[in-house]
Amino acid sequence: MATTDGKVYDVTILGAGPTGLFGAFYAGMREMKTKIIEALPEMGGQLTVLYPEKFIYDVPGYPKILSKDLVKRLVEQGTQWGAAICLDERITSLEYVDHGDPDQGHPPVIRLTAESGTVHLTHTVVICAGIGAFAPNKLDRPGVHEYEGRGVAYFVREKAPYRSKNVLIVGGGDSAVDWALNLKDWARQVTLIHRREGFRAHESSVAELMNSQVEVKVWWELEAVLGDGEHVTGARIFNNKTDEKLTLHVDHVIFSLGFKAALGPIADWGLKLAGRHILVDGLMRTNLPGVYAAGDIVEPVGSVSLNLIVTGFAQAAIAVNVAKSFLDPKSKIFPGHSSEMRI
Ligand code: FAD
C-alpha cells in the first residue's frame with residue numbers, strides 16, 4: 001500500500017471546507033503536525049463548489065464578503081503553519097492500527113485509506129466532511145449527459161464563460177434564482193424555466209427576478225439539450241400544462257435542481273450516527289477514541305446543528321484543542337490567546 005509520506009501525523013483534518021481550514025489553523029497554532037485531506041481538487045467545501053460568487057453576510061468581522069474571498073483568507077490562515085495538504089483524495093476507510101493507551105501517553109495510530117489506495121497515518125482525526133459526498137440532482141433527458149462540461153453545468157464556478165452568452169437556467173430554488181440574478185447583467189440573455197409556479201427561494205430575490213430582464217417561464221420543463229457535437233447550441237422545452245413546445249437558442253444550460261448528500265463510506269466507520277450526521281458530545285468527541293468531528297457533519301448531543309460557517313469555526317476550535325490535550329494529557333485544552341503569541 002502506498003503511503004503519502006509514511007509519517008504519523010498528530011492530527012488529520014478530513015475535509016477542507018471552512019470548518020476544516022479553521023481547524024487546521026488551530027492545529028498549527030498548537031504545534032500539532034497536521035495534515036488536511038480533501039476529496040475535491042480545490043479547498044473551500046460548499047463555498048467553493050456551490051456558491052463561490054455569492055456574498056456571505058454572517059461571518060463575524062466581515063459585514064459582507066464574497067464566498068471565494070473568504071475561502072482565500074481561510075486557506076491563507078489555515079495553511080500558514082505548513083500543514084501537509086492532500087487534494088483530490090477521498091478517504092473511504094478509517095481503522096485503528098494500534099489502539100494505544102492514551103492515559104499512559106500512548107495515543108492510538110489510525111489508518112485512513114483513500115479511494116486511490118493511498119494510506120495516511122495519524123494519531124487523531126477531526127472529521128469536517130460537511131454534507132459528505134454530494135452530487136447534483138440530474139435530469140435524464142437527451143443531450144444532458146452528452147454535453148456535461150460542454151455547455152451543461154450544475155455549478156457556476158466562475159462567471160467568465162457566460163459573458164455575452166445566452167443562458168438557460170433550470171430550477172426554482174434559491175440557487176436557480178440567485179444565478180439568474182447574478183448572470184442577468186453579464187450574459188446576453190438569461191431564461192429561467194421552472195416546472196411549477198411557486199419558487200423555493202427568498203421572497204425578495206423572487207421579487208427582484210420578476211422585475212428583472214430575466215425571462216421567467218413557469219410550468220415549463222426541459223425536453224432535450226441540443227448541440228453541434230462540440231458544444232450546446234440550444235434547448236427544447238415544453239409547457240407541462242399546454243404541451244406547447246419551444247426551441248431556445250442557448251449556449252449554456254445550468255441545472256440548479258438541488259443536490260443529494262450522502263455520508264458515503266463514513267457511515268461504515270463504526271461512528272454513532274443520527275441520520276447523515278455524526279453524533280458528538282460537547283467536546284466534539286465521537287464514540288471512537290481520538291476521532292472528533294465538527295461542522296455541518298455533526299449533530300451535537302443536547303445542542304442544535306445550525307449548519308452555518310460560524311458554528312463550524314467554534315466546533316473546529318473545540319475539536320482540535322481537545323485533540324491536543326488527548327494527544328498530550330499535560331497540555332491544557334485552552335490554547336491561550338493568539339493575540340499574545342509572536343507570529
Ligand atoms: P463543507 O463546506 O461541506 O466542506 C466539507 C468538505 O469535506 C468538502 O470539501 C468535501 O469534499 C470534503 N469531504 C467530504 N467527504 C470527504 C471524504 N470522505 N474524504 C475527503 N474529503 C471529504 N453558511 C453561513 O454561515 N452563511 C451563509 O450565508 C451561507 N450561505 C450558504 C449558501 C448556500 C447556497 C449553501 C449550500 C450553504 C450556505 N451556508 C452558509 C452553509 C455553509 O456553506 C456550511 O455551513 C459550511 O460550508 C459547512 O462547512 P464544513 O467545512 O463543515 O463543510
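Atoms within a ligand are numbered from 1 in the order they appear, just like the ligands themselves. All residue numbers in this chain count up from 1 along the given sequence.
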Would [X] count as being in polar contact with ligand 1, using the rule that some N or O on each side must be under 3.5 angstrom apart?
X    : value
Y57  : no
D58  : yes
E38  : yes
D296 : yes
I91  : yes

Using a 4.0 Å heavy-atom cut-off, say whether [X] meets ligand 1 through its side chain, its backbone, both or neither.
X   : value
M43 : neither
T48 : neither
A39 : both

Residue list, side-chain contact (heavy atoms from CB on, under 4.5 Å) with V214, at least two apart or on another chain: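 If we apply the side-chain contact (heavy atoms from CB on, under 4.5 Å) test to V214, skipping adjacent residues, the hits are A180, K184, V190, L192, L209, S212, V216.
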Could you tell me which atoms of ligand 1, counted from 1 in the order shown, lie closer than 4.0 angstrom to a heavy atom of [X]?
X    : answer
N307 : 41 (C), 45 (O)
T19  : 49 (O), 50 (P), 51 (O), 52 (O)
L50  : 36 (C)
L47  : 43 (O), 47 (O)
G295 : 52 (O)

For V301, which fellow cluster members are found when Ile, Leu, Val, Met, Phe, Trp and Tyr are connected by side-chain heavy-atom distances below 4.5 angstrom, either directly or through intermediates? L279
Winner among E89, K54, Q46, Q315 once heavy atoms are compared against atom 3 (O) of ligand 1: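 The nearest heavy atom belongs to Q46.
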